Amino acid sequence: MTDTQVDFAVFGSSPLAGLVAGLLASRHKRRVVMVGDAQARYRLPRTLDISVAPVTRPETWALLTAALPDISKLITRIGGRQALRRVDPIFFADGLAAREALGHFSHMARAHGMILETVPPAKIGADRAALRINDAVTIHRPGFGPALETWLGELGVRRFGPEAATMAPGGATAIKADDEVLVARRAILVDDSSILHALPGWQWPAQLLRRPHATVLTASSRHLAGPIMVQLDSGTILVQHEEGGMAAMGPGNLGSFSGQLATLLAEAGQLQQVGQVGYEILSPSDGAPLLGPVTADGPLILTGLGPIGAFMAPILARWLAGEASSDETEWCEARRADKRGLGSSVAEFNFRIEEQAA
């Protein structure tokens, strides 16, 4: 049995994981393998990829705005014109803290060239503040996922199931493939499920919290005020389906989230659910991403990036390869998992999920 050395084993199946792996291989000439099952095309969604989020730090906005043209071209080159869709999402708030965050978020968005519109109460509900952001983009995962796998294959990035990989405490990973053993110098854990499965408890960052979450698919003919809606109070995301119905993702176990969803939508009766799934998500306690090594010699993690994560992939790949700009390096280093709290605060707006997860 022969050993083959590679630089990174990227754990995950999301667009963020695939884009980081592909960029490390194509632009930075690193030897990369992926670990994790390819994204199930018909699995209920657990998140989405969109180019805007309730980010409150100007340095994050600046990097995201600068990265968007490059990553948008790459996504459409990989998956075609339909891989990236323009969308006008609505962000809305009910409580005082969420309304204040919405106001700060709107100032940041306008300052970085976004066009915002106030949504009238007649469309969103009384006693609720809401803003529509024009010309955001979202990745169409059902079409992009297979194209991403094809692109990775063309780059020579091989994918292996989780059962084939054994990760050492220092982050090195051995992958058995027939008569060959691939040894990756460092593991990069990207998707929540990969971190939950592969990161040892004794290496777990204290600020990385595990939270119950749920997705509910409904068959309601009701049309939402926008194709994507995000409630800042809880982090609940509503996605309208073109064929009718919607997918709702939010905090809590299935029972509690279903009740919260009915209240949020002011449904008089029980929602007509045609699919549901409960799972865990990871949430940094201060709302800011956790990046890089969890210990001095442990695996690397990329988590807490939220729906904008895939659009930050070029920045993250450059940082992992040691080729980031000074601004990019400063941003990533300030969010390192093993140094959080040692420098200035990087806290972002954080959904009040503690009250929703019971």
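Owing to the predicted nature of the structure, the values given are computational and were not obtained by experimental measurement. Just so you know, these numbers use all the heavy atoms, side chains as well, and skip hydrogens, waters and symmetry mates.
- For the side-chain contact (heavy atoms from CB on, under 4.5 Å) with Thr236, the lone residue among Met249, Met229, Gln231 that qualifies is Gln231.
- The hydrophobic clustering, which links ILVMFWY residues whose side-chain heavy atoms are closer than 4.5 Å, places Leu152 and Ile175 apart.
- Contact detail for Arg159 and Ser13: the closest heavy-atom pair is NH1-OG, 3.7 Å.
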Margin query: Under the criterion side-chain contact (heavy atoms from CB on, under 4.5 Å), I'd like the reasoning laid out for Phe257 against His213: C-alpha separation, chi angles, the key distance, then a yes or no.
Written below: CA-CA 8 Å; Phe257 180 61; His213 220 245; over 6 Å; no
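- Distance check, rounded to the nearest 0.5 Å: CG of Leu208 to OG of Ser285 gives 8.5 Å.
- Counting heavy atoms from C-beta outward, Pro89 and Val52 have side chains that approach closer than 4.5 Å.
- When atom types are taken as modelled, the side chain of Ser72 and the backbone of Leu68 share a donor-acceptor pair closer than 3.5 angstrom.
- Arg110 places a side-chain heavy atom less than 4.5 Å from the side chain of Leu116.
- Ile228 contributes atom CD1, which lies 10.0 Å from atom CG of Leu238 (distance to the nearest 0.5 angstrom).
- Between the CD atom of Glu117 and the CG atom of Asp88 there is a distance of 7.5 Å, given to the nearest 0.5 Å.
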Checklist line | Working for side-chain contact (heavy atoms from CB on, under 4.5 Å), residues Thr173 and Val33 | finding: CA-CA 10 Å; Thr173 302; Val33 297; over 6 Å; no
Check: After noting the C-alpha distance and the side-chain angles of Leu320 and Val20, does the key distance pass the side-chain contact (heavy atoms from CB on, under 4.5 Å) rule?
Finding: CA-CA 9 Å; Leu320 291 166; Val20 166; 3.9 Å; yes
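- Trp204 places a side-chain heavy atom less than 4.5 Å from the side chain of Ile195.
- Summarising the geometry, atom CG belonging to Asp37 is positioned 11.0 Å from atom CE belonging to Met34; distances are rounded to the nearest 0.5 Å.
- Using modelled atom types, one side-chain atom of Gln240 and one backbone atom of Gly245 make a donor-acceptor pair closer than 3.5 Å.
- By the rule that hydrophobic residues join a cluster once side-chain heavy atoms approach within less than 4.5 Å of another member, Met114 and Leu84 end up as members of one cluster.
- In summary, the side chains of Gln207 and Asp286 do not present any donor paired with an acceptor at a separation below 3.5 Å, with no hydrogens or angles considered.
- Distance alone, capped at 3.5 Å, places no donor-acceptor pair between the Asp49 side chain and the Ile139 backbone.
- Formation of a donor-acceptor pair under 3.5 Å by the Asp192 side chain with backbone atoms of Ile281 is not found in this model.
- The heavy-atom pair separating Ala165 from Val35 by the smallest distance is CB-CG1, 3.9 Å.
- Of all heavy-atom pairs between Ala310 and Pro15, the closest is CB-CB, 4.2 Å.
- In plain terms, the two heavy atoms of Ala187 and Phe11 that are nearest each other are CB-CE1, 3.8 Å.
- You'll find the side chain of Met167 reaches within 4.5 Å of the side chain of Pro299, heavy atoms only.
- Relative orientation of the His112 and Trp61 rings is parallel, given thresholds of 30° and 60° on the angle between their planes.
- No donor-acceptor pair under 3.5 Å is formed between the side chain of Arg186 and the backbone N or O of Leu300.
- For the residue pair Gln273/Ser258, the side-chain donor-acceptor check at 3.5 Å is satisfied.
- Cation-pi geometry between Arg185 and Phe8 is satisfied (NZ or CZ under 6.0 Å from the ring centre, within 45° of the ring normal).
- The closest side-chain heavy-atom distance from Val277 to Leu217 is not below 4.5 Å.
- For NE2 of His241, the number of neighbouring non-hydrogen atoms (other residues, nucleotides, ligands) closer than 6.0 Å is greater than 12.
- Under the 3.5 Å distance criterion, the side-chain polar atoms of Glu280 are left unmatched by any main-chain donor or acceptor of Arg210.
- Between Val181 and Lys176, the closest side-chain pair of non-hydrogen atoms falls below 4.5 Å.
- Under a hydrophobic clustering in which Ile, Leu, Val, Met, Phe, Trp and Tyr are joined whenever their side-chain heavy atoms come within less than 4.5 Å, directly or via other members, Leu224 and Phe92 fall into the same cluster.
- In this structure, the side chains of Arg158 and Leu182 come closer than 4.5 Å at one or more pairs of heavy atoms.
- Checking Tyr279 against Thr215 by side-chain atom types alone, a donor-acceptor pair falls below 3.5 Å.
- Nearest heavy atoms, Ala67 versus Ile315: CB-CD1, 3.9 Å.
- Between the side chain of Asp191 and the backbone N or O of Ser193, no donor-acceptor pair lies under 3.5 Å.
- Glu348 places a side-chain N or O within donor-acceptor distance of the main-chain N or O of Thr56, the cut-off being under 3.5 Å.
- Taking the side chain as every heavy atom from C-beta outward, Ile50 and Val230 never approach each other to under 4.5 Å.
- Residue Phe160 comes nearest to Ala177 through the heavy atom pair CE2-CB, 3.5 Å, listed as atom of the first residue, atom of the second, then distance.
- Proximity of a side-chain donor or acceptor of Thr295 to a complementary backbone N or O of Gln203 within less than 3.5 Å is not detected.
- One finds the CD atom of Glu323 at 10.5 Å from the OG1 atom of Thr329 (value rounded to the nearest 0.5 Å).
- Taken together through direct or relayed side-chain contacts under 4.5 Å among Ile, Leu, Val, Met, Phe, Trp and Tyr, Leu254 and Met246 form parts of separate hydrophobic clusters.
- Under a cutoff of 6.0 Å and an axis angle of 45°, Arg57 and Trp331 do not form a cation-pi pair.
- Side-chain rings of Phe349 and Phe105 stay apart, their centers remaining 6.0 Å or farther from each other.
- Checked by atom type and distance alone, the side chain of Asp7 never pairs as donor or acceptor with a backbone atom of Val32 at under 3.5 Å.
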Margin query: Walk me through whether Leu16 and Leu316 qualify under side-chain contact (heavy atoms from CB on, under 4.5 Å).
Written below: CA-CA 10 Å; Leu16 172 59; Leu316 298 169; 4.0 Å; yes
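- Applying the side-chain hydrogen bond (donor to acceptor under 3.5 Å, both in side chains) test to Asp70 and every residue at least two apart in sequence or in another chain returns Arg27.
- Leu23 CG to Leu74 CG: the interatomic distance, rounded to the nearest 0.5 Å, is 5.5 Å.
- Leu291 and Leu282 fall into different hydrophobic clusters, where Ile, Leu, Val, Met, Phe, Trp and Tyr residues are linked whenever their side-chain heavy atoms come under 4.5 Å apart, directly or through other members.
- Side-chain polar atoms of Gln272 and Thr218 form no donor-acceptor pair below 3.5 angstrom.
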